[in-house]
Amino acid sequence: MKSIYSLSLDELTSDMIAMEQNPYRAKQIYSWIYKKNISSFDDMSDISKPFREELKKHYDFSLPKMENVQVSKDGTIKCLIRLFDGELVESVLMHYVYGYSVCISTEVGCSMGCKFCASGLIKVKRKLLANEMLGQVMAFNKYLYDFNKSRISHVVLMGTGEPFDNYDNVLSFVKTINSPYGLEIGARHITISTCGIVPKIYAFGKEHLQVNLALSLHAPNNDIRNRLMPINKRYPIEEIIPAIIDYQQESGRVVTFEYIMIKDVNDSLECAKELVSICKKTKSYVNLIPYNKVVENDLSRSDNKQVNLFHKYLLANHIKSTIRKEFGSDINAACGQLRVKKDKQ
Ligand code: SAH
């Protein structure tokens with residue numbers, strides 16, 4: 001028995017052909033599941049009864065389980081998702097004026113070891129399969145449907161893990177949620193965030209997708225970035241920037257630079273000046289992120305005054321920039337706070 005959610009449209013189509021059915025059946029089934037939120041073959045009224053019985057023998061509707069659901073004062077919801085092999089990852093649902101966005105994890109643990117991030121405290125155990133990423137979206141989609149008949153409109157790959165460390169599965173997942181027969185989440189409503197795995201940035205450009213790319217830059221020079229992000233020793237800024245330029249030539253897209261504001265580390269106006277010169281080489285947009293405290297390190301959040309000064313400096317130098325709105329900080333659901341504690345495993 002396979003979970004029906006684990007099949008891409010192509011895989012389901014091949015199964016239909018193997019079962020001597022019209023390949024179009026796959027699109028019908030997909031449409032019931034993803035457009036009409038149906039989770040039983042009995043409700044698929046345009047499929048013959050005998051074939052529905054046949055389908056039941058092959059597939060079920062199992063999804064990873066949502067556990068420990070926590071709701072923040074601002075409505076943000078964080079939960080643990082129990083995968084079929086028992087591993088746990090965290091996902092977060094945020095409610096914006098423009099819709100519901102889910103932040104999903106792409107790996108169990110993370111190997112990148114960024115100093116400011118709680119997720120990297122547990123080494124990567126394994127990469128998630130495409131259907132395990134889909135499972136996180138579908139679990140929340142079901143939750144929302146039951147709650148107020150709404151649905152997920154945006155997906156960000158910014159939870160635990162490095163998406164480009166799990167490139168093939170991430171791409172397959174993105175194509176599935178973007179499919180017009182599936183959830184049909186617009187490419188521009190999907191954001192992949194990477195710490196800068198250079199060869200994969202080049203590869204991603206060649207995909208010619210309209211998916212948003214965000215780069216976790218967090219420092220305007222190698223000296224500071226090496227201290228914060230060990231991956232910078234492998235792929236330093238002077239290699240990342242040409243990769244970003246190449247990606248932009250291929251895709252025509254603006255890239256978001258994520259920049260966590262850490263007190264006395266990367267928040268000086270000198271840093272802002274260096275950041276401006278990086279941004280001027282690319283078509284970019286800077287998202288300044290208030291640092292969320294992680295107890296295991298001694299970093300602290302920049303003062304609001306300094307964040308505003310930094311922001312103003314960017315704007316005055318014609319760099320588009322915003323300060324990220326914070327969600328769910330009272331339930332440890334904010335950026336960089338996702339972790340599955342060892343005692344929960
Ligand atoms: N590996 C990917 C995706 C996971 S990190 C990447 O590096 O982009 C997702 C975002 O959360 C990144 O911008 C990351 O830098 C940010 N983040 C991590 N720890 C944080 C913290 N303590 N405070 C604020 N943002 C944090």
Side-chain angles (χ1 to χ4, degrees), residues 76 78 89-92 94 101-124 127-128 133 136 155-167 169-170 173-174 190-198 200-201 204 211-220 224-225 227-232 234-235 237 240 243-244 247 255-263 265-267 275 284-302 307 321-329 332-340:
T76 299
K78 177 175 81 165
V89 290
E90 279 190 321
S91 317
V92 180
M94 290 152 289
S101 176
V102 64
C103 173
I104 65 148
S105 293
T106 55
E107 296 180 305
V108 179
C110 182
S111 296
M112 299 301 140
C114 299
K115 197 168 171 214
F116 44 78
C117 180
S119 300
L121 293 167
I122 298 170
K123 278 261 162 281
V124 73
K127 301 172 197 303
L128 294 198
M133 295 176 233
Q136 296 171 65
V155 174
V156 297
L157 287 79
M158 289 191 188
T160 302
E162 168 49 46
F164 281 174
D165 197 28
N166 189 10
Y167 188 83
N169 292 341
V170 159
F173 160 70
V174 164
I190 302 170
T191 303
I192 298 181
S193 179
T194 179
C195 61
I197 312 285
V198 166
K200 294 298 188 296
I201 298 175
F204 191 59
V211 169
N212 302 308
L213 182 65
L215 177 87
S216 287
L217 186 61
H218 307 316
I224 302 177
R225 202 166 191 266
R227 277 188 272 142
L228 294 175
M229 303 174 72
I231 191 71
N232 196 65
R234 179 100 188 268
Y235 300 117
I237 295 178
I240 295 176
I244 294 289
Y247 164 78
V255 165
T256 300
F257 288 140
E258 293 161 279
Y259 196 99
I260 304 175
M261 297 293 290
I262 306 171
K263 191 178 171 65
V265 173
N266 64 358
D267 63 349
L275 181 57
S284 50
Y285 168 95
V286 177
N287 200 197
L288 296 175
I289 308 173
Y291 173 66
N292 292 308
K293 184 75 194 140
V294 171
V295 288
E296 289 84 352
N297 67 48
D298 51 6
L299 303 172
S300 47
R301 168 185 285 235
S302 302
V307 175
S321 159
T322 44
I323 301 173
R324 184 181 282 177
K325 185 170 179 318
E326 292 181 85
F327 284 96
S329 35
N332 280 342
C335 300
Q337 295 187 325
L338 298 190
R339 71 172 98 194
V340 175

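None of these values were measured; they are calculated from a predicted model. Remember, it's 1-based here, ligands and their atoms both numbered in the order they're listed. Heavy atoms only: backbone and side chains are in, while hydrogens, waters and symmetry mates are out. Throughout, numbering of the chain's residues begins at 1 and tracks the sequence.
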So is His218 close enough to ligand 1, meaning a heavy atom under 4.0 angstrom away?
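A heavy atom of His218 does come that close to ligand 1.
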
Please determine whether any non-hydrogen atom of Cys110 lies less than 4.0 Å from an atom of ligand 1.
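Cys110: no contact with ligand 1 (<4.0 Å).
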
Leu157 and side chain to side chain contact (heavy atoms under 4.5 Å, CB included): which partner among Asn212, Val211, Ile190?
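The residue from Asn212, Val211, Ile190 that satisfies side chain to side chain contact (heavy atoms under 4.5 Å, CB included) with Leu157 turns out to be Ile190.
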
Could you see which bit of [X] sits under 4.0 Å from ligand 1, with heavy atoms only: side chain, backbone, both or neither?
X	answer
Val294	side chain
Pro290	backbone
Ile289	side chain
Met112	neither
Glu258	side chain

Side chains of Thr76 and Val92, heavy atoms from C-beta outward: is any pair under 4.5 Å?
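Yes, close enough: below the 4.5 Å cut-off.
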
Hey, is ligand 1 close enough to [X] that some N/O pair sits below 3.5 Å?
X	value
Arg324	no
Phe116	yes
Tyr291	no

Which one of Ser111, Ser193, Cys114 has a non-hydrogen atom at the shortest distance from atom 8 (O) of ligand 1?
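Of the listed residues, Ser193 has the closest heavy atom.
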
If you draw a 6.0 Å radius around CZ in Arg234, do more than 12 non-hydrogen atoms from other residues or ligands fall strictly inside?
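No, CZ of Arg234 has 12 or fewer neighbouring heavy atoms, counting only those of other groups under 6.0 Å.
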
Salt-bridge criterion met for Lys115 and Asp298 (N-O under 4.0 Å):
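The answer is yes: the pair qualifies as a salt bridge.
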
So, are Lys293 and Glu326 salt-bridged, with charged N and O less than 4.0 Å apart?
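No, no charged N to carboxylate O under 4.0 Å.
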
